[in-house]
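A short worksheet on the structure shown next.
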Amino acid sequence: MATNNIEKQSFGQAGAAYVTASGQAVTGDFCAITSLDGATRFSAITWAELNKNPVDGTAISNTDTIVASDDTIPAGVTIYGQITGFTLAAGRVIAYNAA
């Protein structure tokens, strides 16, 4: 039986990137990012849907996002979405490739 893309993504079978370098931009097609460090922070995340109003799709203020540059993501927390790039400010993550 063939494995579908959702199953591949769920179990990391489409590959992943282990990222520890702060300040380095990482690009790709990612479906999830898991924090491995208790003090993980991002200085940038490229995710088209992150800054959109769920009602009408209009842009909203960056202060309304779920991930701001001063937000600390605890170890074990996974952010899901259609993420095409990010830059770590601190910490370590595994970024799972979209299948």
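Counting begins at 1 with the first residue of the sequence.
- Atom-to-atom distance recorded for I45:CD1 and L88:CG is 9.0 Å, nearest 0.5 angstrom.
- Note on residues 86-99: pairs passing salt bridge (Lys or Arg N to Asp or Glu O under 4.0 Å), not counting sequence neighbours, are D37-R92.
- When all heavy atoms of S22 and G91 are compared, the closest pair comes out as OG-N, 4.5 Å.
- Looking at residues two or more places apart in sequence or on another chain, you find a side chain to side chain contact (heavy atoms under 4.5 Å, CB included) between V26 and V19, F30, F86.
- By the side chain to side chain contact (heavy atoms under 4.5 Å, CB included) test, T27 pairs with no residue at all, sequence neighbours left out.
- Pairs passing the salt bridge (Lys or Arg N to Asp or Glu O under 4.0 Å) check and including a residue from residues 13-29, sequence neighbours excluded, do not occur.
- Pairs passing the side-chain hydrogen bond (donor to acceptor under 3.5 Å, both in side chains) check and including a residue from residues 78-91, sequence neighbours excluded, read T34-T78.
- Rounding to the nearest 0.5 angstrom, the gap separating the CH2 atom in W47 from the CD1 atom in I79 is 7.0 Å.
- A distance-only check finds a donor-acceptor pair linking the side chain of S35 to the backbone of I73 [under 3.5 Å].
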